[in-house]
Structures are given as C-alpha cells and as structure tokens.
Asker: 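Encoded as structure tokens, here's the structure I'll be asking about.
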Amino acid sequence: MSEQKLQSQTVQTTGHAWDGDLQEYNNPLPVWWVYTFYVTVVFALVYWTIYPSWPFGKGWIGGLSNITYVNSDGETKTHSWNTRALLLEDMNRAAIAQKPYFDKVAAMSYAQVAKDPDMNGFILSAGKALFSDNCAPCHQAGGQGVVGFFPNLTDDDWLYGGSFDKIHETITGGRHGYMPTFSEVLSPEQIDQLANYVASLSGIDHDATKAAAGNVLFHSETAACYYCHGADAKGRKEIGSANLTDNIWLWANVPAASSAEGKVAAIRSVIASGLNKGVMPAWAGRLSPEQIKVLTVYVHELGGGQ
C-alpha cells in the first residue's frame, strides 16, 4: 500500500499534542447529518414566519397564517393561527351544524321532544356533551352523584321534583338546600332519639325505645322536623326537603356504614351539624335556553323522570 493512500485513511488531527503521544483528533460529522441540521434550521425559520412564535414586547410574533370562521351568530372572525383559535373554529363549525336541531328543540314542547324519534339521537349526543362539560364535575359522568355532596340523578328520587318543568327550574335558577344545626337547640340524647326514629323509617336496625321518643320529638314543636319533612316524613318538594322513608340517602352517608350503629351515627351527625352546602349554581346566562332545554330532557331521561 502506498504511503499516500495510507495517509488518506489515517484519522486527521488538529495538530494539538500533549506529552508527545496524546493527540487531538479531528473527526468531522457525517455529511448526511450536517445537511439534515441545515434543513431543520430552514424549517424553523419558515415555521417562525408562518405561525406565531417568539414573544415580542407585550405580544408575540403573529406569523402569516390566519384562521377565519363564521360563528353561530353569523359573524366572521379572524385570528392568527394558534391552537385556541383552531379549537374555536372547530367548536363553531359544530355549533353551526347543531343549530337547526337546537332551533327545532326550542320550537317544541318537552313532551314532543321526548317522543320525537328523530330527536332522540341528538338529545343523547348533545345532552351528554353538555352534561359532561357542565354537570359531571359534581354529579359524576353517569349522573350517580356523590353521597354527602351531590344528588344522584339516576335513582328517580327528586328533591325538588322530577318533571320537565321542575328540572328546568332547577337547572335555570340553581338550588340552595339548608337544614339548621340542631345541636344548638336539642340535647345529645334528643338527637340520638331522632336519629333512631329516622333510621326506623327506612327499616334500619335501631333502638325501639329511642325511636318511639324520637317519633314524638319529630312531630313536636321542640324539634319541628315535620314542618320541613312533612308529618309522614316523606319530604316536601317545594322546599327540597328529603324523603326520610325511602332508604335513599344524600347527606347522611348511611350506605358506607357497615353496622346499624354506624348507620344511626351517620344520621345523628347530620341532625347535629345541619347542612348548608347543598348549593347548585344557576345556569341561566351560562347556557343558552336551547341548551338548558336539551339538558333538561337528558337529565329527565337519566332518572326516568316524572
């Protein structure tokens, strides 16, 4: 092999050497890698020109790409390209596609909407989307609620009534449930008697003697429980008081207790502490009347409303 060819195959050095034997090699990057790097630089420059990129003053470089769409009110909107504007475009495209169905819902009565087979699919899809976006954070995705916080919408037990009109009223104006704190007016013994009486109404094991005393107390002016829950303890929908006879529990977490004593204790805790957390916000102004109407039908069907 010639000396010239051998030199061409030898790794080049930078000319730096230490102690005579240590040398700094010069290994250039592969050509394909270098050209790939140049391509990425060009791509970045083009991207920064077309799309929003670097912060600039109080804003950013807007780029040359825009998104133009027509919203549900027929107004033309233009934004520099970004993912938020892209989402708005998609949402408005969907709103325009749904508008004829919402208009049809607005022109129909609740009974007509519920019986119209052509509207069933729309109510299911649009209602589920509205419920997921606005109601599921509290009532859960399936409407089963959370004991102690949010009502179950699937059990056909309606505090304020399960008719279309009542559900519409609840969604539109919201609700604020309240129960006074009885620990301030009743002794621990009396509260225990009431708890045993309430347990007896739902067939829960209880102390019969205490329940008998609680029955008298329930219907007396001392506790006056009958005033809100009714003389039959089945509640009053006009004020949203609970039915105490159906073994369905919202505020007292009776289902979680494994023993009769635990169930009575859960009831006793609610009586003693009272309630001031049954708050549902009003959705009027947040949702359109048509959206509230669709949501009303959807919630009505969740619980087999009245």
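Computed from a prediction, not measured in an experiment: that's the story for all the values here.
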Asker: Tell me whether Glu169 is salt-bridged to Arg175, with the criterion being a basic N under 4.0 Å from an acidic carboxylate O.
Answerer: yes

Asker: Check for me whether Lys293 meets the cation-pi criterion with Tyr110, that is, NZ or CZ under 6.0 Å from the six-membered ring centre and within 45 degrees of the ring axis.
Answerer: yes

Asker: Please find the pair of heavy atoms, one from Gln140 and one from Phe131, that lie closest to each other, and give the distance.
Answerer: O-CE2, 3.3 Å

Asker: Could you tell me whether the side chain of Asn215 and the main chain of Ala211 form a donor-acceptor pair under 3.5 Å?
Answerer: no

Asker: Is there a path of hydrophobic side-chain contacts, each under 4.5 Å between heavy atoms of I, L, V, M, F, W or Y residues, that connects Val270 with Val279?
Answerer: no

Asker: Please tell me whether Ser241 and Arg236 have a donor and an acceptor in their side chains that are separated by less than 3.5 angstrom.
Answerer: no

Asker: Please check if the side chain of Thr181 supplies one atom and the backbone of Glu184 the other of a donor-acceptor pair under 3.5 Å.
Answerer: no

Asker: Quick check on the hydrophobic clustering: are Leu194 and Val264 connected, directly or via other members, by side-chain heavy-atom contacts under 4.5 Å?
Answerer: no

Asker: Given 3.5 Å as the limit, does a donor-acceptor pair link the side chain of Thr40 with the main chain of Phe37, or not?
Answerer: yes

Asker: Looking only at heavy atoms, what is the nearest atom pair of Ser202 and Trp249, with distance?
Answerer: OG-CZ2, 3.7 Å

Asker: In the structure I gave you, are the side-chain heavy atoms of Phe218 and His229 within less than 4.5 Å of one another anywhere?
Answerer: yes

Asker: Indicate whether any N or O donor in one side chain lies under 3.5 Å from an N or O acceptor in the other, for Tyr226 and Glu221.
Answerer: yes

Asker: Apply side-chain contact (heavy atoms from CB on, under 4.5 Å) to residues Phe102 and Gln291 and explain how you reach the verdict.
Answerer: CA-CA 7 Å; Phe102 276 112; Gln291 289 175 317; 4.0 Å; yes

Asker: State plainly whether one hydrophobic cluster holds both Leu217 and Ile204, where clusters connect Ile, Leu, Val, Met, Phe, Trp and Tyr through side-chain heavy atoms under 4.5 angstrom apart.
Answerer: yes

Asker: Looking at Leu186 and Thr222, what are the two nearest heavy atoms and their distance?
Answerer: CD2-CG2, 3.8 Å

Asker: Pairing donors with acceptors under 3.5 angstrom, does anything connect the side chains of Asn243 and Thr245?
Answerer: yes

Asker: Does the Gln112 side chain pair with the main chain of Ser109, one donor and one acceptor, at a distance under 3.5 Å?
Answerer: yes

Asker: Please confirm whether the backbone N or O of Ile171 pairs with a side-chain atom of Thr296, one donor and one acceptor, at under 3.5 Å?
Answerer: no

Asker: Salt bridge check, Asp205 against Lys263: does any charged N sit closer than 4.0 Å to a carboxylate O?
Answerer: no

Asker: Which word best sums up how the rings of Tyr101 and Phe122 line up, parallel for under 30°, tilted for 30 to 60°, or perpendicular for over 60°?
Answerer: parallel

Asker: Looking only at non-hydrogen atoms, find the nearest pair between Thr170 and Tyr160 and report the distance.
Answerer: OG1-CB, 4.2 Å

Asker: Identify whether NZ of Lys or CZ of Arg in Lys128 sits under 6.0 Å from the centre of the six-membered ring of Tyr298 and within 45° of that ring's axis.
Answerer: no

Asker: Tell me whether Lys277 contacts the main-chain N or O of Gly148 through its side chain, where contact means a donor paired with an acceptor under 3.5 Å.
Answerer: yes

Asker: Check whether any side-chain heavy atom of Val46 sits under 4.5 Å from a side-chain heavy atom of Phe43, and report yes or no.
Answerer: no

Asker: Has Glu189 got more than 12 heavy atoms of other residues, nucleotides or ligands less than 6.0 Å from its CD?
Answerer: no

Asker: Give the intermediate values and the outcome of side-chain contact (heavy atoms from CB on, under 4.5 Å) for residues Asp116 and Met108.
Answerer: CA-CA 10 Å; Asp116 189 337; Met108 300 170 68; 3.5 Å; yes

Asker: Minimum heavy-atom separation for Pro137 to Ser132, with atom names?
Answerer: CD-O, 3.9 Å

Asker: Quick check: does any side chain N or O of Ser269 sit under 3.5 Å from a backbone N or O of Ala266, one acting as donor and the other as acceptor?
Answerer: no

Asker: Please walk me through it: do Ile191 and Arg268 pass side-chain contact (heavy atoms from CB on, under 4.5 Å)?
Answerer: CA-CA 6 Å; Ile191 291 175; Arg268 185 167 55 241; 3.5 Å; yes

Asker: Can you see whether His139 engages Asn152 through a side-chain donor-acceptor pair at a distance of less than 3.5 angstrom?
Answerer: no

Asker: Does one hydrophobic cluster hold both Leu159 and Phe149, with members joined at side-chain heavy-atom distances below 4.5 Å?
Answerer: no

